[in-house]
Amino acid sequence: MEDANWRKQWPGKRLLDNSGHPALKIVQDKPEHADEYTVDGISGATLTSTGVEKSINYWMGPQGYGQFLQRLASDRNNLNL
């Protein structure tokens, strides 16, 4: 996505909820109460927005890197760099 205004929404957004589950939502209408999990989608780009949301939530979930990220968050000594 090259839209600068859309990209400006992302800093500070959380991808996982407090339980470590994927929680990102891209909505097509400006949300009345935008929160740290919500990004306003681009009008006319519903398929792209849906694809971005599903891709991020997949890779942050249990079938992607979710378990690795949870282990990393619980014990940073797991990284042997």
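- Of the possible donor and acceptor atoms, none in the side chain of Glu36 sits under 3.5 Å from a partner among the backbone N and O of Gly12.
- A donor-acceptor pair under 3.5 Å links the side-chain atoms of Ser74 to the main chain of Arg71, judged by distance alone.
- Within the structure, side-chain hydrogen bond (donor to acceptor under 3.5 Å, both in side chains) contacts touching residues 10-23 (residues at least two apart or in different chains) are Arg14-Asn18, Arg14-Tyr37.
- Between Arg7 and Asp3 the shortest side-chain heavy-atom distance does not fall below 4.5 Å.
- More than 12 heavy atoms of other residues, nucleotides or ligands lie within 6.0 Å of CD in Gln70, so this atom counts as buried by the packing criterion.
- At a threshold of 4.5 Å between non-hydrogen side-chain atoms, the residues Ile26 and Thr50 do not count as touching.
- In terms of heavy atoms, Ala23 sits closest to Asn57 at N-OD1, 3.7 Å.
- Here the side chains of Val39 and Lys25 are not in contact, with every heavy-atom distance at 4.5 Å or above.
- Leu69 approaches Met60 most closely through the heavy-atom pair CD1-CE, 3.5 Å.
- Qualifying ring-ring contact (aromatic ring centres under 6.0 Å, His included) partners for Tyr65, counting only residues two or more places apart in sequence or in other chains: Trp59.
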